[in-house]
Amino acid sequence: MSSVVVPATPRPAGSPLAGVKHVIAVGSGKGGVGKSTTAVNMAVALAKLGAKVGLLDADLYGPSVPKLLGTDERPTQEENGRIHPATAHGIKIMSMGLLGGDAPVVWRGPMASRALNQFLGEVDWGELDYLIVDLPPGTGDIQITLAQAVRLSGAVIVMTPQILAAEIAKRGLKMFQQVRIPILGLVENMASYVCPSCGHEGALFRSGGAEKIHAELGLPVLASLPFDPTLVGEGDDGRPVVLSRPDSILAKAYLDLAARMAAELSAVLSGARNEKPTIAEMKPNHEGRMFKIVWSDGVSSLTTFKDLRYQCPCAVCVDENTGHRKITREQVREDVHPTKVQTVGNYAVQVHWSDGHDTGLYGFDYLRRLLVKQA
Ligand code: ADP
């Protein structure tokens with residue numbers, strides 16, 4: 001059995017997810033395509049293949065993970081505030097659905113974002129190879145909050161084969177690309193139907209969606225899962241098919257999906273997938289008054305504190321309509337220096353400057369264009 005455990009760059013010590021190697025989001029353009037079922041079965045499959053796995057149900061408005069895993073175990077909280085996740089089938093789980101109360105969640109964005117940050121920051125996830133995050137459908141506050149709060153290793157996008165669903169999925173794909181979360185691949189769900197009587201396998205919907213996206217965007221199709229009529233009942237009973245019917249076509253397909261996801265992750269991390277470079281290290285040298293930036297593709301670049309402060313891309317420094325810079329180089333103090341540098345998700349750094357300015361998010365793409373002369 002090949003290992004699905006993929007090495008990772010460590011997160012900073014003391015950060016909430018310090019023990020978590022990879023955070024993988026499972027998303028979809030619209031609801032009802034089988035995203036949660038895929039997230040749960042992929043998580044169970046990864047655990048079955050030897051990985052330490054957690055599952056965060058970020059579908060705060062419609063949590064279905066507890067039901068799919070057949071648990072109502074409550075997470076516990078210590079006096080110091082740390083929350084211990086529930087466990088089911090060897091997987092650590094956190095979900096609004098485990099916190100009690102039958103009232104539907106009618107929060108607006110900011111409250112939901114706060115809850116997600118709590119799930120990420122105050123839950124003791126311990127040592128994990130994978131934290132799988134079951135996202136709500138679409139591209140909203142939760143997706144953005146997640147992208148800003150943690151370094152995601154990648155995303156898996158689930159869709160049904162209809163062209164229409166694929167078009168909606170494409171919007172979701174763009175959002176992940178904008179915040180530099182590598183899309184590890186697509187899962188085409190309910191792609192075919194195997195007749196239980198005669199074994200004939202036929203297409204269920206008008207097909208071609210995943211291939212179209214594959215052709216247009218070059219993304220791998222990680223799995224093409226058949227429609228399985230018994231899955232709905234199993235989901236209702238909290239028995240993931242990977243465990244309840246390990247020899248079924250679907251269970252094998254989920255195990256293949258887990259292995260292929262891990263293989264794509266390795267490819268992305270080794271640079272074989274040619275993702276856009278990210279910043280691996282950004283170190284201030286206070287004596288030389290400059291930053292040294294090392295990129296994930298090995299390129300390094302230098303920039304002075306003064307120049308980087310001058311090139312701040314925020315709306316205070318640049319006119320949003322004309323694109324003209326509103327400050328001059330002379331207005332920037334000679335002794336300006338960073339007081340704090342923070343990475344934002346996978347896509348930007350925020351520098352707090354000694355002159356009190358901290359509204360600039362320097363996107364990786366922007367810094368790369370600014371600092372690296374392309375051959
Ligand atoms: P989403 O998270 O996208 O809203 P769910 O995972 O909740 O979707 O799945 C929606 C419904 O479709 C559930 O009843 C689930 O059991 C069913 N379902 C998902 N995948 C399959 C499949 N491959 N075969 C049969 N039913 C499926």
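As the structure is a computational prediction, the values presented were derived from the model and not from experiment. In each ligand, atom 1 is the first atom listed, and ligand 1 is the first ligand listed.
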Colleague: Is there a path from Met282 to Val294 through hydrophobic residues (I, L, V, M, F, W, Y) whose side chains come within less than 4.5 Å of each other?
Modeller: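 Result: no, two separate clusters.
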Colleague: Are any of the N or O atoms of Gly31 closer than 3.5 Å to those of ligand 1?
Modeller: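 No: no nitrogen or oxygen of Gly31 is under 3.5 Å from one in ligand 1.
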Colleague: Taking non-hydrogen atoms only, is Leu225 closer than 4.0 angstrom to ligand 1 via side chain, backbone, both or neither?
Modeller: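 Contact part for Leu225 vs ligand 1: neither.
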Colleague: So, 4.0 Å and heavy atoms of Pro226: is ligand 1 close enough to count as a contact?
Modeller: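 For ligand 1, residue contact (heavy atoms, under 4.0 Å) with Pro226 is present.
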Colleague: May I ask whether Ile83 and Phe119 are part of the same hydrophobic cluster, defined by side-chain heavy atoms of I, L, V, M, F, W, Y residues being less than 4.5 angstrom apart, directly or through others?
Modeller: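 Yes: a chain of side-chain contacts under 4.5 Å links Ile83 to Phe119.
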Colleague: Would you mind running through ligand 1 and noting each atom that sits below 4.0 Å from a heavy atom of Val232?
Modeller: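 Close to Val232: 14 (O), 16 (O), 26 (N).
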Colleague: Are any of the N/O atoms in Lys35 less than 3.5 Å from those in ligand 1?
Modeller: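 By distance alone, the answer is yes.
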Colleague: Applying a 4.0 Å heavy-atom criterion (strictly less than), which segment of Asp134 is in contact with ligand 1: side chain, backbone, both, or neither?
Modeller: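 For Asp134, there is no contact with ligand 1 at all, from either part.
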Colleague: How far is atom 8 (O) of ligand 1 from the closest protein heavy atom, and which atom is that?
Modeller: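 For atom 8 (O) of ligand 1, the nearest protein heavy atom is Gly34 N, 3.0 Å.
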Colleague: Mind checking whether Asn189 has an N or O less than 3.5 Å away from an N or O of ligand 1?
Modeller: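 Yes, at least one N or O pair falls under 3.5 Å.
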Colleague: Is Asp297 salt-bridged to Arg368, cutoff N-O under 4.0 Å?
Modeller: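 Answer for the salt bridge query: yes.
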Colleague: Considering all protein heavy atoms, does one lie under 4.0 Å from atom 13 (C) of ligand 1?
Modeller: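 Under 4.0 Å from atom 13 (C) of ligand 1, zero protein heavy atoms found.
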Colleague: How close do Leu55 and Leu131 get, counting heavy atoms only, and between which atoms?
Modeller: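 In terms of heavy atoms, the two residues are closest at N-CD1, 3.9 Å.
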Colleague: If you count the atoms of ligand 1 from 1 in the order shown, which ones are under 4.0 Å from a heavy atom of Gly32?
Modeller: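 Numbered from 1, ligand 1 contributes 1 (P), 3 (O), 4 (O), 8 (O).
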Colleague: Is Asp129 salt-bridged to Lys21, cutoff N-O under 4.0 Å?
Modeller: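 Yes, Asp129 and Lys21 are salt-bridged.
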Colleague: With atoms numbered from 1 as shown, which atoms in ligand 1 lie under 4.0 angstrom from a non-hydrogen atom of Ser36?
Modeller: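 So the answer, numbered in order with elements, is 1 (P), 2 (O), 6 (O).
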Colleague: So does Asp228 pair up with Arg245, basic N to acidic O under 4.0 Å?
Modeller: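 Looking at Asp228 and Arg245, the cut-off is met.
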Colleague: Do the side chains of Asp307 and Arg329 get close enough for a salt bridge, i.e. N-O under 4.0 angstrom?
Modeller: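 Yes, this pair counts.
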Colleague: Compute the shortest N/O to N/O distance between Val33 and ligand 1 and return yes if it is under 3.5 Å, no if not.
Modeller: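 Yes, at least one N or O pair falls under 3.5 Å.
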Colleague: Using a strict cut-off of 4.0 Å, indicate which atoms of ligand 1 neighbour a heavy atom of Thr37.
Modeller: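 Those qualifying, in numeric order: 5 (P), 6 (O), 9 (O), 15 (C), 19 (C).
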Colleague: Taking a hydrophobic cluster as the set of Ile, Leu, Val, Met, Phe, Trp and Tyr residues connected by side-chain heavy atoms closer than 4.5 Å, whether directly or through intermediates, do Val5 and Val23 fall within one such cluster?
Modeller: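 The answer is no; the residues belong to distinct hydrophobic clusters.
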Colleague: So does Glu122 pair up with Arg82, basic N to acidic O under 4.0 Å?
Modeller: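 Between Arg82 and Glu122 there is no salt bridge, as every charged N stays at least 4.0 Å from the carboxylate O atoms.
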Colleague: To check your reading of the model: name the closest protein heavy atom to atom 27 (C) of ligand 1, its residue, and the distance in Å.
Modeller: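 Nearest protein contact, heavy atoms only, for atom 27 (C) of ligand 1 is Leu231 CD2, 3.5 Å.
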Colleague: Any nitrogen or oxygen of Asp228, side chain or backbone, less than 3.5 Å from one on ligand 1?
Modeller: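 In this structure, Asp228 places an N or O atom under 3.5 Å from an N or O of ligand 1.
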Colleague: Would you verify whether the NZ or CZ of Arg180 falls within 45 degrees of the ring axis of Phe364 while also being under 6.0 Å from that six-membered ring's centre?
Modeller: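 Verdict for Phe364: no cation-pi partner in Arg180.
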